[in-house]
There are 2 protein chains.
Amino acid sequence: MAVVDRRQQVIKAAAKSFSLFGYKATTMDQVAKIANVGKGTIYTFFSNKEQLFDEILHTVILEMKNIAEREIRRDKPFFDNLQRVLDALLEFRSEHELFIKLSQEKREFGTPQAQEGLDKLESVILSYIEREVEYAIGLGEVKPCDPKVVSVVMLKLYIVLTSELNKLREPLDKEQIKSYFRLFLAEGLEQKQS
Amino acid sequence: MAVVDRRQQVIKAAAKSFSLFGYKATTMDQVAKIANVGKGTIYTFFSNKEQLFDEILHTVILEMKNIAEREIRRDKPFFDNLQRVLDALLEFRSEHELFIKLSQEKREFGTPQAQEGLDKLESVILSYIEREVEYAIGLGEVKPCDPKVVSVVMLKLYIVLTSELNKLREPLDKEQIKSYFRLFLAEGLEQKQS
DNA sequence: AAATGACCATATTCGTAAAATGGTCAGAAT
DNA sequence: ATTCTGACCATTTTACGAATATGGTCATTT
């Protein structure tokens, strides 16, 4: 390839920089430098910094969708699938540098773009869960309920069990998380007896 | 009363000021002024600003404990009591100016003392739920489980249903909150059938 | 003995000058 | 002709010292 694909260079450089330094600390000069490209060139592909950021987010979103699709086994029960997909997604999220950097930036500086980016990624997860819940209700595996409410609660519960709880007690192991997840969402706490 | 109770004056003034202006924007000069007291006088009762703040928090905590005790009916089922107490506490929390001001201050400035104050108040709610869960497990009303985990999840769930969800859809009404709360925690989502 | 407010060291805010950044565009490179 | 570029511009962000405000003390007053 005599003539390099400048668009790809820019995207790759931007992905690197946003992951490494976050939104605010990524400058267009820097992206140009990393991409070995004049700054003006970036603006022939993306109209501004936010749109470039969007492109990178979009890549991540596609990755996430693939991960989710890959984990689904249509022959298995809903709660099994849910568990496996959330597991894979949160694993991905906790290892992906872009997530880490954006979360840190949100905490530390409250950069609106970092916040929005995280929201976009979260909403992908949410709408994914929502669709699966609808499907499961259709199959009669899950009681009739508002899928939006349920999906938000599910994700929140998962985050509480996997991370927030760790500030208050030693972390739950994978098996415990699994069983509490089932206990709360599937079976219920109430002791049916006497 | 010829000689006024300066300690009470200080406490009252501090409560007013912290509620009205938050932690950071409350100055010792101001408290002294409101209390009609010399600044030095405050330091004869409280060794510093943080300890004065603690005193005010403590008052609120006592109020909260009273509210909780008042809502408990030992003859009613656990989930009824839980529902009523959380309702009353979150109602109290959402109307108490000190809460509102501290939450705002935390969001806006990240004042560590505001954060710590809110954490203290939350931990009171948590340990209250924890105790009740333990009691309910003892009675066999609730399946055996770690009360710490369960209490955190319960509070979180309640907050999601009552406030966080409102960013994504129109708010649930009281009846809906009640029924989702039961659905998730008590009965479980799983359709037991065929 | 209790209360006070002027006082002190430190922290915060403010104004401004300097530096950095997002975005443009006339011209260079191909 | 088309693509690419980096000097350039307007605006934003930072750096920093001066001025102000604040938490806390203590010699003096009540």
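A quick note: this is a predicted structure, and the numbers were derived from the prediction, not measured. First the proteins, then the strands, lettered A, B, ... as listed; each starts at 1.
To the nearest angstrom, P of dT22(D) lies 12 Å from CZ of Phe21(B). Separating the CD atom of Gln113(A) from the P atom of dT12(D) is a distance of 14 Å, rounded to the nearest angstrom. We find that CE of Met28(B) is positioned 10 Å from P of dT25(D), with the value rounded to whole Å. For Arg7(B) and dT4(C), the CZ to P distance is 16 Å, given to the nearest whole Å. Distance NZ (Lys39(A)) to P (dG6(D)): 11 Å, rounded to an integer number of Å. Computed from coordinates, the Asp29(B) CG to dC7(C) P distance equals 14 Å when rounded to whole Å. Note: CD1 (Ile42(B)) to C1' (dT25(D)) measures 13 Å, nearest angstrom. Remark: P of dC7(C) and OH of Tyr43(B) are 18 Å apart, rounded to the nearest angstrom.
Residues from residues 47-59 of chain B placing a heavy atom under 4.0 Å of any atom in DNA chain D, listed by number, are Asn48(B), Lys49(B).
Judged by distance alone, with hydrogens and angles left aside, the side-chain atoms of Thr41(A) form a donor-acceptor pair with the main-chain N or O of Gly38(A) at under 3.5 Å.
Between Ala25(A) and Asn36(B), the residue whose closest nucleotide on DNA chain C is further toward the 5' end is Asn36(B). Both Val37(A) and Lys24(A) sit near DNA chain D, but only Val37(A) has its closest nucleotide nearer the 5' end.
Cation-pi geometry between Arg74(B) and Tyr135(B) is met: the NZ or CZ atom falls under 6.0 Å from the ring centre, inside 45° of the normal.
For the residue pair Glu50(A) / Tyr23(A), no side-chain donor-acceptor distance below 3.5 Å is found, with atom types taken as modelled.
Contact between the side-chain N/O atoms of Thr41(B) and the OP1/OP2 oxygens of dT4(C) is found at a separation under 4.0 Å. Within the structure, a side-chain polar atom (N or O) of Arg6(B) is placed less than 4.0 Å from OP1 or OP2 of dA3(C).
A salt bridge is defined here as a Lys NZ or Arg NE, NH1 or NH2 lying under 4.0 Å from an Asp or Glu carboxylate O, and Lys174(A) with Asp87(A) meets this definition.
Surrounding NZ of Lys49(A) are more than 12 heavy atoms belonging to other residues, nucleotides or ligands, all under 6.0 Å away.
Within the 4.5 Å cutoff, no side-chain heavy atoms of Gln113(B) are placed close to those of Lys24(B).
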Q: Go through Phe78(A) and Leu139(A) one step at a time and tell me if the side chain to side chain contact (heavy atoms under 4.5 Å, CB included) criterion holds.
A: CA-CA 9 Å; Phe78(A) 168 74; Leu139(A) 288 184; over 6 Å; no

